[in-house]
Trainee: 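Below you'll find the structure I mean.
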Number of protein chains: 2
Amino acid sequence: MASIKDVAAEAGVSVATVSRALNGHPSVSAAARERVLAAVETLGYRPNAVARSLRTDQTRTLGLVISDVMNPYFTELARSVEEEARALGYSVIIGNADERPDLQDHHVTTLLDRRIDGLLVSPTDGGSPHMLAAARAGTPMVFVDRWIPGVDVPVVRSDGRAAVRDLVAHLHGLGHRRLAIIAGPAATTTGRERVDAFREALAAYGLPLPAAYIGQGDFQAGSGRRVTEGFLDLPEPPEVVFAADNLMALGALDAVRARGLRVPEDMALAAFDDIPWFVHTDPPVTAIAQPTRDLGRAAVRALVDRIAGRPGASVALPARLVVRRSCGEANPQEHPSPVRRSTP
Amino acid sequence: MASIKDVAAEAGVSVATVSRALNGHPSVSAAARERVLAAVETLGYRPNAVARSLRTDQTRTLGLVISDVMNPYFTELARSVEEEARALGYSVIIGNADERPDLQDHHVTTLLDRRIDGLLVSPTDGGSPHMLAAARAGTPMVFVDRWIPGVDVPVVRSDGRAAVRDLVAHLHGLGHRRLAIIAGPAATTTGRERVDAFREALAAYGLPLPAAYIGQGDFQAGSGRRVTEGFLDLPEPPEVVFAADNLMALGALDAVRARGLRVPEDMALAAFDDIPWFVHTDPPVTAIAQPTRDLGRAAVRALVDRIAGRPGASVALPARLVVRRSCGEANPQEHPSPVRRSTP
DNA sequence: ATCCTCCGTGTAATCGATTCCACGAGGAGG
DNA sequence: CCTCCTCGTGGAATCGATTACACGGAGGAT
């Protein structure tokens with residue numbers, strides 16, 4: 001592969017001049033610039049990004065460590081992050097933690113070893129010592145979706161409290177009183193928060209959230225299925241199951257279907273995170289939609305701010321309820337649903 | 001950030017000894033090794049991968065350029081590629097082409113500039129001059145899922161011919177005679193191949209595939225919807241629509257639903273690429289499943305072979321038909337379906 | 001005792017870029 | 001005509017690692 005030396009030789013100038021010509025430095029004569037460009041063309045030269053990074057101490061690369069690529073929510077997040085980063089002249093390296101702290105650690109370490117300019121993390125757990133040390137050491141970092149309390153890092157996330165209240169109002173309006181939740185891992189903020197929001201919303205209607213109605217999931221389909229089976233085995237099963245993410249909702253659907261029961265007649269279902277497929281499931285699933293694209297954009301902007309030495313603001317964007325049929329049909333006159341979206 | 005010099009100073013040895021100690025070189029005394037390790041520990045030293053790459057001329061990184069991250073098939077492919085690569089000591093940088101040749105080019109260029117050790121590509125089109133030049137120049141490269149004819153690069157893909165024959169047999173057995181297909185872009189091999197396989201399979205039953213029954217899609221949901229609307233507007237609409245990927249099947253489902261029609265009564269549906277959600281759509285969708293995990297693994301192995309100077313073999317793994325209800329219920333006695341899979 | 005080998009270590013070159021500094025040519029001003 | 005400044009350019013240091021080569025000392029063979 002041709003290097004800058006080859007270009008210099010071909011153009012009959014020094015490497016310094018080649019570098020200057022290629023980087024738009026003003027003090028290069030038109031003649032020299034032209035010869036350099038011609039040499040670049042004939043040799044098919046492309047600057048070695050590795051060498052440049054070593055010298056300039058910046059890679060123009062962002063790291064993104066997400067909890068689970070197979071989750072459509074995170075896929076969309078990754079996509080919008082890459083889009084915004086590209087617009088700002090950065091590349092993105094994605095690390096998939098698969099909800100495993102050890103894998104998360106592996107990726108954070110690898111990314112840091114590569115000297116990425118900044119790190120976007122959706123932490124799977126409380127954070128490894130290594131990651132926390134990096135944060136304290138001043139590596140530009142931003143948490144997205146989930147965060148770690150007590151760490152001084154901007155957080156870009158979605159606030160689902162209002163949407164959860166809307167959901168409970170919707171469920172209550174449909175006559176449901178025994179409501180259960182499939183929670184995410186307690187080690188994650190979203191795992192805890194969604195339960196808290198749900199409990200608070202229930203309290204506003206004087207409804208309890210008994211321990212038996214809080215199932216412990218791990219944001220994966222399998223756990224949604226197991227927890228739902230547990231609910232169905234209860235002497236008094238819940239009327240509604242609220243899954244804290246879309247994969248666990250898929251598992252719940254599996255479990256109900258496997259027993260030969262129907263949604264929503266035998267058990268209603270709602271999910272956090274809306275995805276295109278929910279329109280076409282049987283029945284279409286009522287869900288809380290996050291402004292995923294905006295989240296990704298905001299996260300990149302906050303991170304680039306930090307890289308540039310600016311503060312980098314935390315952001316919380318509201319989620320919204322999308323009512324479909326998985327909780328039962330509302331009687332429009334009596335119980336208008338808070339939000340309704342036209343079929344796409 | 002601490003460099004190798006700092007470690008050398010702290011341990012009271014030269015940088016050469018530090019490097020040797022850290023890379024398991026045999027001729028380092030136990031005493032020196034211990035002092036180095038201690039210094040590494042106290043300084044929290046991590047080798048700079050950028051510097052190492054510059055010197056050794058290898059990044060231990062693979063590039064993966066896929067057509068569309070939002071497509072669950074490619075997401076799963078990306079995941080298995082990363083898994084296998086990690087097992088072999090490589091990192092993976094994913095580039096999402098979004099079915100756009102210009103974006104594909106951008107990512108190939110960026111990846112090559114970073115001097116990745118090898119490139120895995122699922123080409124969106126005939127290939128940019130730049131990519132083809134890189135292939136000819138000897139950059140280790142492997143095509144996965146799709147390929148570019150006439151380029152001397154190993155291809156790891158799935159062979160769907162037998163599964164398509166099974167599908168047509170299944171459809172014919174259900175009494176369907178007017179079968180249509182939503183094709184992928186003609187610029188892609190999978191776009192053309194699936195149509196060819198479908199046409200051949202139909203021919204075996206003496207069925208035609210008229211031009212009006214070949215819709216031109218682009219592997220995105222929107223095109224599936226538009227094409228299906230076109231089919232429905234035909235004086236004699238097809239009885240079955242076979243979508244060449246899962247996103248176009250989603251669009252087809254949208255279109256049928258929007259007209260207030262039912263699947264499979266008013267129009268049957270089948271898709272290439274199986275995804276978990278197809279179990280829960282209304283109705284569950286009959287699909288052709290690719291051995292995605294194996295594909296990813298095989299692709300990485302072929303690429304690593306090429307990197308190591310070994311030939312790197314092309315692979316074609318068979319896909320298989322998964323019958324569900326979107327084409328109608330078979331009468332088990334009369335028309336046993338070729339393959340049936342238990343609900344997960 | 002002398003010489004040769006081998007072992008552990010250090011010095012320095014190297015990878016491919018960027019960038020500071022110096023230098024020569026040429027034009028402007030005195 | 002001399003001096004000074006500006007402009008374009010080249011030489012060389014630098015980033016942080018790896019590795020060829022040299023070297024000194026210990027130990028074995030003669």
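Throughout, a chain's letter reflects where its sequence line sits, starting with A, and its residues are numbered from 1.
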Trainee: Using only atom types and a distance under 3.5 Å, with no angle test, would you say the side chain of Thr139(B) pairs donor to acceptor with the backbone of Ala134(B)?
Mentor: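 At least one qualifying donor-acceptor pair exists.
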Trainee: Excluding sequence neighbours, so at least two apart, what forms side chain to side chain donor-acceptor pair (under 3.5 Å) with Arg60(B)?
Mentor: none
Trainee: I'd like to check the side chain to side chain donor-acceptor pair (under 3.5 Å) partners of Thr109(B); sequence neighbours left out, ordered by chain and number.
Mentor: His130(B)
Trainee: Under 4.0 Å from a heavy atom of chain B: give me the 5'-most and 3'-most nucleotides of DNA chain C that qualify.
Mentor: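 Footprint of chain B along DNA chain C, 5' to 3': dG8(C) to dG16(C).
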Trainee: In this structure, how many angstroms lie between the C1' atom of dA17(D) and the NE2 atom of His25(B), rounded?
Mentor: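 Atom NE2 in His25(B) sits about 15 Å away from atom C1' in dA17(D).
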Trainee: With the criterion being N/O to N/O and under 3.5 Å, what pairs connect the protein with nucleotides 4-8 of chain D, and how long is each?
Mentor:
none

Trainee: Compute the angle between the rotation axes at the two ends of the helix from dA1(C)-dT30(D) to dG30(C)-dC1(D), each taken over five pairs, rounded to 10 degrees.
Mentor: 60°
Trainee: I'd like a table of atom pairs between the protein and nucleotides 18-24 of chain D - only N or O on both sides, under 3.5 Å - with the distance next to each one.
Mentor:
residue, atom, partner, partner atom, Å
dT18(D), OP1, Asn23(B), ND2, 3.2
dT18(D), OP1, Arg52(B), NE, 3.1
dT18(D), OP1, Arg52(B), NH2, 3.2
dT18(D), OP2, Ser19(B), OG, 2.5
dT18(D), OP2, Asn23(B), ND2, 3.3
dT18(D), O2, Arg55(B), NH1, 2.3

Trainee: Check this for me: does any side-chain nitrogen of one of Asp57(B) and Arg115(B) sit under 4.0 Å from a carboxylate oxygen of the other?
Mentor: no
Trainee: Applying side chain to side chain contact (heavy atoms under 4.5 Å, CB included), can you list everything that pairs with Ser158(B), at least two apart in sequence or on another chain?
Mentor: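 By the side chain to side chain contact (heavy atoms under 4.5 Å, CB included) rule, Ser158(B) matches Gln290(B), Pro291(B), Leu295(B), Ala319(B).
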Trainee: Taking only residues two or more places apart in sequence, or in another chain, which ones meet Ser29(A) in a side chain to side chain contact (heavy atoms under 4.5 Å, CB included)?
Mentor: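 Result, side chain to side chain contact (heavy atoms under 4.5 Å, CB included) vs Ser29(A): Ala31(A), Ala32(A).
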Trainee: The criterion is side chain to side chain contact (heavy atoms under 4.5 Å, CB included); which residues satisfy it with Ala85(A), sequence neighbours excluded?
Mentor: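 Applying side chain to side chain contact (heavy atoms under 4.5 Å, CB included) to Ala85(A) gives Leu62(A), Tyr90(A), Val92(A), Val300(A).
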Trainee: Hey, are Tyr73(B) and Asp145(B) close enough side-chain-wise for a donor-acceptor pair under 3.5 Å?
Mentor: yes
Trainee: When rounded to the nearest 0.5 angstrom, what distance separates CD1 in Ile4(A) from CG in Leu43(A)?
Mentor: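 So the CD1 of Ile4(A) and the CG of Leu43(A) are separated by 12.0 Å.
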Trainee: Restricting to side chain to side chain contact (heavy atoms under 4.5 Å, CB included), what partner residues turn up for Ser3(B), sequence neighbours left out?
Mentor: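 Residues passing side chain to side chain contact (heavy atoms under 4.5 Å, CB included) with Ser3(B): Lys5(B), Asp6(B).
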Trainee: Taking only residues two or more places apart in sequence or in another chain, which ones pass side chain to side chain donor-acceptor pair (under 3.5 Å) with Thr61(A)?
Mentor: Arg114(B)
Trainee: By side chain to side chain donor-acceptor pair (under 3.5 Å), which residues pair with Arg297(A), not counting sequence neighbours?
Mentor: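 For Arg297(A), the residues satisfying side chain to side chain donor-acceptor pair (under 3.5 Å) (neighbours in sequence not counted) are Asp294(A).
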